[in-house]
Amino acid sequence: MNANFPRAIVHFDGDAFFASVEQMMNYKLRGKPVITGGERGAATSLSYEAKKRGIHRGMRMSEIRIRCPEAVIVTSDYRSYGIYAHRMYSIVRTYTEKIEEYSIDECFADITGLDEKMGMPYEEIVMKIKDELEDSLGITFGVGLAPNKTLAKIASKANKPAGFTVIPLEKIKDFLEPLSIHSVWGLGGASGQHLAKLGADTAYLFAQKPDIWLTEHHFGKAYRDVWLELNGHFIKKLTLESLGPTDSIMSTRTFTPPSVSRSYIFSQLSKNVERACEKARNHNQKARGISFFLKTQEFTYHAVSIELTVPTADPTQVMGFIDKRFDEVYAEGVLYRASGVTLRGLISNESHMLDLFGEIQELASKGRSFQVVDTVNKKYGRQTMFLGSSLQALTTKKLSKGVKSSPIQKKTMILPCLGTVY
DNA sequence: TCTGGGGTCCTAGGACCC
DNA sequence: TCTGGGGTCCTAGGACCC
């Protein structure tokens, strides 16, 4: 066994991922400052050409146009980014099954023992994977090799773009000494502030604190896990197999411009409910609880959470519950900028529970009508069939795009509206 | 830096049960 | 009818992540 790598964990991180995918899909964009996020008016991802011109994430498009008139601003295309992400996972998966699909542009892989199997040092194996990723995707990756996830993340960030950094056990100190506590994975916000105040403002100073120090300051498991990993221990397991059921599903959307209209906001929420329920049905899951919120222009949240006696993924049902309690979060005259819904306590459709009132039966028959909805939507595009209560949200969107009469209308079947507002 | 959309994990505290 | 102590399950909400 390799003394420096009791476990060999690799972190792959796509460089400027969304912007890079855009450049790969459209060769005219290569070498140009590309910015994604056009639909929200602020930069989401930037090509390195754009970064060189002093543009940063979150910058307003209006400002970007002034600063960099040659900038190419595009609308986010998450479907394509997802396809590239999938290719990335499958290439890594040809080396090991132990892979965590951490996010759309990152993954972890556990290659422990592969050195002996392939008769190559870990460093060479990782270089080989990196080359293959870059050749077949046309995108560069920041890559880190370390004894655990926390250190692998630090490594992949160390040398951007297109870097490959190795942190063996014996070299940990060199990497942690200059590293601000805020850039450690998991200590980004208030917890980093807290640690810095207590004198641990670098990763190394935190790692050097004795165990008793953590106890005395009442640091919980989250801190302790990071602390152990900074000291070289393998604590955070990889989450394998990202397919399958999820724990919760949410759908939220900001509306531009913000609105005071009760009916408009209600229909926005209804649209979110449909999206979330559709996703739940695709996962073959039902929710045991729902919560919904409105977000004001001042960024305050007003939320209600509801427990369901019978699990459901039926938007008419869900909207029925929300309708009854909508006015607990909505206030007349207040300007709102976003709404959202979360389906909680998801269970798979197979695990049905018996109840006293036969509601299961009733829902089962409704469930069939939504199978029809999903089939139609798959064939003709999403939201071809939708709830009456979502109508205002959908038509407003079309009008704002300047589409007067869409051919979609012909295929549209409006289901009965449960909401009081139309 | 005035701020998309979608998640996960941890913890405190309540409900309920011996 | 009252009391204690201990355990498990569940949820809300906070913090953090990309």
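First the proteins, then the strands, lettered A, B, ... as listed; each starts at 1.
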Electrostatic pair A:Lys130:A:Glu134 at N-O distance under 4.0 angstrom: yes
Sugar-phosphate only, base, or nothing, as touched by A:Ser291 at under 4.0 Å among non-hydrogen atoms: nothing
Sugar-phosphate, base or nothing in reach of A:Ala190, heavy atoms under 4.0 Å: sugar-phosphate
Value rounded to 0.5 Å, distance of CE in A:Met59 from SG in A:Cys68: 10.0 Å
Touch class at under 4.0 angstrom, heavy-atom based, for A:Tyr78 against every strand present: nothing
A:Ser248 vs B:dG6: side-chain N/O to OP1/OP2 distance below 4.0 Å: no
Base orientation of C:dC2, syn vs anti, 90° cut from 0: anti
Touch class at under 4.0 angstrom, heavy-atom based, for A:Lys236 against every strand present: nothing
Sugar-phosphate only, base, or nothing, as touched by A:Arg57 at under 4.0 Å among non-hydrogen atoms: base
A:Thr44 vs B:dG4: side-chain N/O to OP1/OP2 distance below 4.0 Å: no
For atom NE2 of A:His218 and atom P of B:dA12, their distance in whole Å: 11 Å
Sugar-phosphate only, base, or nothing, as touched by A:Gly220 at under 4.0 Å among non-hydrogen atoms: sugar-phosphate
Euclidean distance, A:Ser180 OG relative to A:Leu187 CG, rounded to 0.5 Å: 9.5 Å
Of the listed nucleotides B:dT3, B:dG5, C:dC18, the one nearest the side chain of A:Arg253: B:dG5
d(CG, A:Leu346; P, B:dC9) in whole Å: 14 Å
Sugar-phosphate only, base, or nothing, as touched by A:Glu307 at under 4.0 Å among non-hydrogen atoms: sugar-phosphate
Atom-pair distance (CZ on A:Phe255; C1' on B:dG4), nearest Å: 14 Å
Residues A:Lys209 and A:Glu216 bridged, charged N to O under 4.0 Å: no
Spacing of A:Ile167 atom CD1 and A:Leu176 atom CG [to the nearest 0.5 Å]: 7.0 Å
A:Leu195 CG - C:dC16 C1' separation (whole Å): 14 Å
Atom pair distance, as rounded to whole Å: CE in A:Met250 and P in C:dC17: 16 Å
Option passing salt bridge (charged side-chain N to carboxylate O under 4.0 Å, His left out) with A:Glu106 (candidates A:Lys149, A:Lys157, A:Lys153): A:Lys153
Touch class at under 4.0 angstrom, heavy-atom based, for A:Arg224 against every strand present: nothing
Side-chain (A:Glu229) to main-chain (A:Ile235) donor-acceptor, under 3.5 angstrom: yes
Side-chain N or O of A:Thr239 closer than 4.0 Å to phosphate OP1/OP2 of B:dT8: no
Side chain of A:Asp247 (C-beta onward), nearest among B:dT8, B:dG4, B:dG5: B:dT8
Between B:dT3 (C1') and A:His56 (NE2): distance, integer Å: 13 Å
Side-chain N,O (A:Lys153) to OP1/OP2 (C:dC18) below 4.0 Å: yes
Spacing between A:Ile104 atom CD1 and B:dT8 atom P, to the nearest angstrom: 15 Å
Salt bridge A:Glu63-A:Arg67, side-chain N to carboxylate O under 4.0 Å: yes
Approximate separation, where rounding is to 0.5 Å, of A:Ile306 CD1 and A:Phe321 CZ: 7.5 Å
Which nucleotide in C:dT11, C:dC17, B:dG6 has an atom nearest any side-chain atom of A:Arg344: C:dT11
Out of C:dA15, C:dT11, B:dG4, whichever nucleotide has its closest atom nearest the side chain of A:Ser191: C:dA15
Shortest side-chain distance from A:Lys221, nucleotide among C:dC18, C:dT11, B:dT11: B:dT11
Upstream residue (5' side of DNA chain B) when A:Gly58 and A:Thr252 are each assigned their closest nucleotide: A:Gly58
Phosphate OP1/OP2 of B:dG6 contacted by A:Arg275 side-chain N/O (<4.0 Å): no
Value in whole Å for how far the P atom of C:dG14 lies from CG of A:Leu187: 20 Å
Touch class at under 4.0 angstrom, heavy-atom based, for A:Val226 against every strand present: nothing
Minimum-distance nucleotide (side-chain atoms of A:Trp185 versus C:dA12, B:dG6, C:dC18): C:dC18
Ranges pairing with ranges for DNA chain C, where each run has three or more Watson-Crick or G-U pairs under 3.5 Å: B:5-18 with C:5-18
OP1 or OP2 of B:dT3 under 4.0 Å from side-chain N/O of A:Arg40: no
Residues forming a side chain to side chain donor-acceptor pair (under 3.5 Å) with A:Asp15, sequence neighbours excluded: A:Thr140
